[in-house]
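Written out below as structure tokens is the structure these notes cover.
Bear in mind the structure is a predicted one, so any value in this text is a computation, not a measurement.
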Amino acid sequence: MSSSGRSVALLRGINVGPTTKVPMALLHTLFADSGATEVTTVLNSGNVVFSGTVDAAALARRVATETGVSTSILVIDAARFRRIAAAFPFPGDESRLTVTFMAEVPTAVSIPIQLGSEQIRIGTEAVYQSIPDGISKTRLTPAFWRQFGREATARNLRTVTKLLALLE
């Protein structure tokens, strides 16, 4: 469940390929039907800002039923989202800086030693990454990201900034 104030919902793995298409209009409708108000979808990649309370697991099941796309939905209240964004430690091009959101950051995380120009910081509420050569050239493997669980989902800093603006 989310809190009753403003929140951000991040859907993992939708609209990243031809088999994961979820229309934003449908996503808007599903959130509104679930009791959310002031629903706004952001970009075409599973970002929703809303007010009210929703059951993220029930919404994920509805997305799967309506579209055939399996997803997890991470709901983050406005205060936590702002804290996570404010803690971003790296300068640079917002499209090459990412925040990986999750319900809870594990206490023990193994970080690869050879990251080249890439930088990573494990925060108390999120994982922050600077990828100067672009996400397609990241040195962090899927095995690294499995440490964080299925609900972990990344957004570039440009998207985080857009979501912050909508929370205001």
Side-chain angles (χ1 to χ4, degrees), residues 1-90 94-107 121-129 131 135 142 145-168:
M1 293 287 212
S2 76
S3 63
S4 59
R6 297 287 283 162
S7 296
V8 175
L10 304 172
L11 284 78
R12 185 174 192 276
I14 69 165
N15 296 343
V16 292
T19 61
T20 62
K21 298 292 183 197
V22 175
M24 292 300 98
L26 173 62
L27 196 54
H28 184 284
T29 299
L30 292 176
F31 270 78
D33 289 352
S34 296
T37 60
E38 302 176 80
V39 178
T40 304
T41 58
V42 182
L43 304 172
N44 195 33
S45 58
N47 306 297
V48 181
V49 176
F50 66 96
S51 294
T53 301
V54 298
D55 181 331
L59 267 169
R61 286 190 298 274
R62 287 201 59 205
V63 168
T65 299
E66 297 279 336
T67 67
V69 176
S70 177
T71 186
S72 60
I73 301 175
L74 182 61
V75 176
I76 304 168
D77 69 60
R80 181 171 184 235
F81 195 88
R82 286 185 191 104
R83 276 194 317 272
I84 289 169
F88 198 90
F90 305 118
E94 287 187 336
S95 67
R96 293 174 184 257
L97 302 171
T98 64
V99 180
T100 300
F101 297 89
M102 60 204 74
E104 186 176 327
V105 177
T107 55
R121 176 132 341 126
I122 310 298
T124 58
E125 296 188 284
V127 175
Y128 304 96
Q129 190 177 10
I131 318 164
I135 192 74
W145 291 110
R146 280 193 286 276
Q147 298 176 91
F148 300 99
R150 180 171 163 28
E151 84 283 346
T153 186
R155 299 295 185 273
N156 70 35
L157 196 56
R158 182 174 291 143
T159 300
V160 170
T161 301
K162 288 178 184 179
L163 292 167
L164 277 171
L166 287 171
L167 284 172
E168 302 309 323

* Asked: Where do Ile84 and Ala126 come nearest, in terms of heavy atoms and distance?
  -> CG2-CB, 3.6 Å
* **Side-chain touch Phe148/Thr100, heavy atoms, less than 4.5 angstrom** => no
* With sequence neighbours left out, which residue pairs that include part of residues 7-27 fulfil the ring pair (Phe, Tyr, Trp, His ring centres under 6.0 Å) condition? -> none
* To the nearest 0.5 Å, tell me how far Thr29 OG1 sits from Arg62 CZ. => 9.0 Å
* **Closest approach of Pro106 to Gln147 (non-hydrogen atoms, all atoms of both residues)** => CG-O, 3.4 Å
* Side-chain donor/acceptor of Arg12 to backbone N/O of Ala152, under 3.5 Å -> yes
* Structure fact -> Closest non-hydrogen atoms of Arg82 and Glu168, given as atom of the first, atom of the second and distance, are NE-OE2, 3.1 Å
* Structure fact -> Looking only at heavy atoms, the pair that brings Phe88 and Gln129 closest together is CZ-O, 3.8 Å
* Pairs flagged by ring pair (Phe, Tyr, Trp, His ring centres under 6.0 Å) wherever residues 8-38 is involved - sequence neighbours left out -> Phe31-Phe50
* Atom pair CZ (Arg150) and CG (Leu74), whose distance is rounded to the nearest 0.5 Å -> 12.0 Å
* Can you tell me if Arg155 uses its side chain to pair, donor with acceptor, with the backbone of Leu10 under 3.5 Å? -> no
* To do: With rounding to the nearest 0.5 Å, note down the distance linking CG in Asn156 to CD in Glu94.
  => 8.0 Å
* Would you say the side-chain atoms of Thr71 pair up with the backbone N or O of Ala60, donor to acceptor, closer than 3.5 Å? -> no
* Structure fact -> From the list Val99, Val160, Val49, Val75, side-chain contact (heavy atoms from CB on, under 4.5 Å) partner of Phe81 resolves to Val160
* To do: Indicate the atoms forming the closest heavy-atom contact of Glu151 with Ala103, along with that distance.
  => OE2-N, 3.4 Å
* Looking at side-chain heavy atoms only, is the closest gap between Met102 and Val127 below 4.5 Å? -> yes
* To do: List in chain and number order the residues that pass side chain to side chain contact (heavy atoms under 4.5 Å, CB included) with Val69, two or more places apart in sequence or in another chain; answer none if no residue qualifies.
  => Ile14, Thr20, Val22, Thr67
* **Minimal non-hydrogen separation, Leu167 against Arg6, with atom names** => CD2-CB, 4.0 Å
* Measure the CG-CG distance between Leu157 and Leu163 for me, rounded to the nearest 0.5 Å. => 10.5 Å
* Asked: Between Lys162 and Asn47, is any pair of side-chain heavy atoms under 4.5 Å apart?
  -> no
* Pairwise distance CD1(Ile73) to CZ(Arg61) - rounded to 0.5 angstrom -> 10.0 Å
* Between the main-chain N or O of Leu97 and the side-chain N or O of Tyr128, is there a donor-acceptor pair closer than 3.5 Å? -> no
